Protein chains: 2
Amino acid sequence: MIDIARLAGVSPMTVSRAFKADGTVSEAAQAAVMKAAEDLGYVFDSTASALRSQRSDFVAVTIPSINNANFADTVRGLSDGLRARGLQILLGYTDYDVQAEETLIAQLLRRRPEAMVVTGGTHTDRSRALLDKAAIPVIEIWDLPDRPIGHVVGFSNAAAMGTLVDHLVAQGRRRIAFIGGDAARDTRGTDRRRGFVAAMQRHGLDTTRLIDAGPPPISMAEGAAAMADLLARLPDTDAVVCVSDLSAFGALTECQRQGVDVPGRVAIAGFGDYEIAAICVPPLTTINPFPRRIGSDAASLILQALDGTLSQPATIHIAPELLTRASSSGA
Amino acid sequence: MIDIARLAGVSPMTVSRAFKADGTVSEAAQAAVMKAAEDLGYVFDSTASALRSQRSDFVAVTIPSINNANFADTVRGLSDGLRARGLQILLGYTDYDVQAEETLIAQLLRRRPEAMVVTGGTHTDRSRALLDKAAIPVIEIWDLPDRPIGHVVGFSNAAAMGTLVDHLVAQGRRRIAFIGGDAARDTRGTDRRRGFVAAMQRHGLDTTRLIDAGPPPISMAEGAAAMADLLARLPDTDAVVCVSDLSAFGALTECQRQGVDVPGRVAIAGFGDYEIAAICVPPLTTINPFPRRIGSDAASLILQALDGTLSQPATIHIAPELLTRASSSGA
DNA sequence: GTGAAAGCGCTAACAG
DNA sequence: CTGTTAGCGCTTTCAC
């Protein structure tokens, strides 16, 4: 920067101001600086800037898996919402493990992010302590935590699953099964299972058709295997709800392989409104939790929090939408 | 850090050494420092460390889309391979646009990454200049660039597509169509199309059945629309190759909706070996380009380059695997 | 094994 | 609108 200052015939401070582009530099100086920078192949050093100004321009984000279209959409919503303010996303994934999340949070905080977005509302005590200490805006997303750390953009996974069960019952289904993952790890999946059981009880129906397909994420293949298990052990099942569209699609393919009519003999519903749900044959009934929106709303909260426009911890409730499609038509 | 030094009764330098954990600190001092840090809720500041040591511990990575299972797998391979050395990934996506890539590269370089991984071998002149100037290891992935910037981990998309065509021809297919995206943007897709045309010519077959499904990424729905178009305009088509499994699956669903037998009347093949290809009914013939492997090999190259073990620019050839499945059985 | 001094490249704060 | 001074929180370097 000193070199540029020399070449442009100004002080380093003017160079700094020129790069901030806040219009506080004369046009002549601005042009001279930019030309000198171009000639010297100068690349601004954000590290030094971050250290001195105590503004890293980072927003740290943790998601359970990078290989998931729902979370990817959320990250896009976040990224697009933050880019205008020059904020960059520092992304990490937890593999659906709160211990891994703790390690990740500790690692990310070392970079001095200006805000932190974490997926889900279940964290280790140490994670909570780290986030508290960090004294930066924290947004929990994709859930409605019992004990929020800071701000929240989410919805009740249990309630959303309940609307799905209500729909199936309204369609005349009674012997409804749930295919989901290992309760210990996937907290959102567990919430959905709890919502399933609660809704079934509300309707006075049997809640024992619960298939545990293993640790999250539940793949299409695991959904298919679970469906095969279900068809073998509980062949009178007339509807299946899956923890996600991906496992639901797997279940659907298993029915296709076995010649089981969907929705004639078994209705199938998923969760997440993944691309596949709309296009497979028959298309899948599902819940759209508006993943992109979760991200863009979180971005708005962050911008407000950084502006100081947000005095109270805020909770933005996303209203998931039930999408009824052919996979769950009347019995 | 000064506070910790005081509390632990040592100098700041010893605190620094304790955090580096290189075993050059006495056990007593190490323990005292860790205890003091814990008590004070100290979080190490990577920004200051990066500035002084000129080591950011960042590896910057650009991918076309964050919402793509293939690239997500590559990022996981990279991430897992780099984590052991304490290197963190700084991820950005380009939306399949070389101009956006240029902006992104400029932005990422400001963070002083120690290496840069870029997807594809087509870049703007300015991107190339920026990467040259940066004087850090550069790895291009998912392609075999004509004019590599630095190291490469990739394969020939054209050649891989050729093997797919060869397979279809061997199965007795002759009137083969290609469904792909806008040539201007998706360079890998364009390479695949070129490979398709070259292989068809090699077999002396008609190369005019090319459907342009719009700008990448080509969605399942766009694959379905393209298939509908094809069935309407060129109903004697006996095989379809798609630029990815996702569009291929869309095409398959369109056949299901129209009662077109796959592979009886039309064979379908995709590219990428996405999860869906293995499980849909019928499963899709495809190419596995080993996305995870691309990432882990790139990570290895980076570690070698940073160690100085790599004097020459290296190219690691990935050998994509043809997976023949029921969607392309004999006519 | 430990400490003192200096400085990484930028910008806050103040002055003009 | 521009410049000067000082310092962000670490680590390099050198000394002991």
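Within every chain, numbering begins at 1; the chains are lettered A, B, ... in the order of the sequence lines, protein sequences first and strands thereafter. What you are looking at is a predicted structure, and each value in this text was computed from that prediction instead of being measured.
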- Heavy-atom contacts under 4.0 Å between residues 24-50 of chain B and DNA chain D, which residues? Tyr42(B), Phe44(B), Asp45(B), Ala48(B), Ser49(B)
- Which residues pass the salt bridge (Lys or Arg N to Asp or Glu O under 4.0 Å) test with Arg293(B), sequence neighbours left out? Asp297(B)
- Message: Tell me which pairs pass ring-ring contact (aromatic ring centres under 6.0 Å, His included) where either residue lies in residues 58-77 of chain B, with sequence neighbours left out.
- Response: Phe58(A)-Phe58(B), Phe71(B)-Trp142(B)
- Note on the structure: The complete set of salt bridge (charged side-chain N to carboxylate O under 4.0 Å, His left out) pairs with one or both residues in residues 48-64 of chain B, sequence neighbours excluded, reads Arg55(B)-Asp57(B), Arg55(B)-Glu114(B)
- Does Thr14(A) have a side-chain nitrogen or oxygen under 4.0 Å from the phosphate oxygens OP1 or OP2 of dG3(D)? yes
- Task: Kindly calculate the angle separating the two end axes of the helix from dG1(C)-dC16(D) to dG16(C)-dC1(D), each obtained from five base pairs, and round it to 10 degrees.
- Result: 20°
- Item | Shortest non-hydrogen separation from Val98(A) to Ser127(A) and the atoms involved | O-OG, 4.5 Å
- Query: Is any side-chain N of the basic residue among Glu102(B) and Arg128(B) closer than 4.0 Å to the acidic one's carboxylate O?
  - Reply: no
- Presence of Gln54(B) side-chain N/O under 4.0 Å of dG7(C) phosphate oxygens OP1/OP2: no
- Message: In whole Å, I'd like the distance from the CZ atom of Arg111(B) to the P atom of dG9(C).
- Response: 17 Å
- For the pair made of CZ in Arg55(B) and C1' in dG9(C), what is the distance, rounded to whole Å? 18 Å
- Task: Would you please name every residue forming a salt bridge (Lys or Arg N to Asp or Glu O under 4.0 Å) with Arg292(A), sequence neighbours left out?
- Result: Asp80(A)
- Who are the side-chain contact (heavy atoms from CB on, under 4.5 Å) partners of Thr190(B), not counting sequence neighbours? Ala183(B)
- Task: In whole angstrom, give the distance that lies between atom CG of Leu51(A) and atom P of dG7(C).
- Result: 16 Å
- Item | Test salt bridge (Lys or Arg N to Asp or Glu O under 4.0 Å) applied to Lys20(B) - qualifying residues, sequence neighbours left out | none
- Under the criterion side-chain contact (heavy atoms from CB on, under 4.5 Å), which of Leu87(A), Asp73(A), Leu91(A), Ile89(A) is the partner of Leu78(A)? Ile89(A)
- Task: By nearest nucleotide on DNA chain C, pick out whichever of Pro12(B) and Ser53(B) is the more 5' one.
- Result: Pro12(B)
- Message: Rounded to whole Å, how long is the line connecting atom CG of Asp57(B) with atom P of dT11(D)?
- Response: 10 Å
- Message: Just the rounded figure in Å: distance from P of dC8(C) to CG of Asp3(A).
- Response: 12 Å
- Round to the nearest Å and state the distance from Ile2(A) atom CD1 to dC8(C) atom P. 8 Å
- OP1, OP2 of dG3(C) versus side-chain N and O of Ser11(B): anything below 4.0 Å? yes
- Kindly write out the residues that satisfy ring-ring contact (aromatic ring centres under 6.0 Å, His included) with Tyr42(B), not counting sequence neighbours, or none if the list is empty. Phe19(B)
- Task: Grab the CD1-P distance between Ile4(A) and dG3(D) for me, whole Å please.
- Result: 14 Å
- Taking only residues at least two apart or on different chains, which pairs with a member in residues 110-138 of chain B satisfy ring-ring contact (aromatic ring centres under 6.0 Å, His included)? none
- Rounded interatomic separation in angstrom, taking NZ from Lys20(B) and C1' from dC10(D): 11 Å
Give every pair of a protein N or O atom and an N or O atom of nucleotides 13-16 of chain D that lie under 3.5 Å apart, one pair per line with the distance.
none

- Note on the structure: For Lys133(B), the salt bridge (Lys or Arg N to Asp or Glu O under 4.0 Å) test, sequence neighbours excluded, returns none
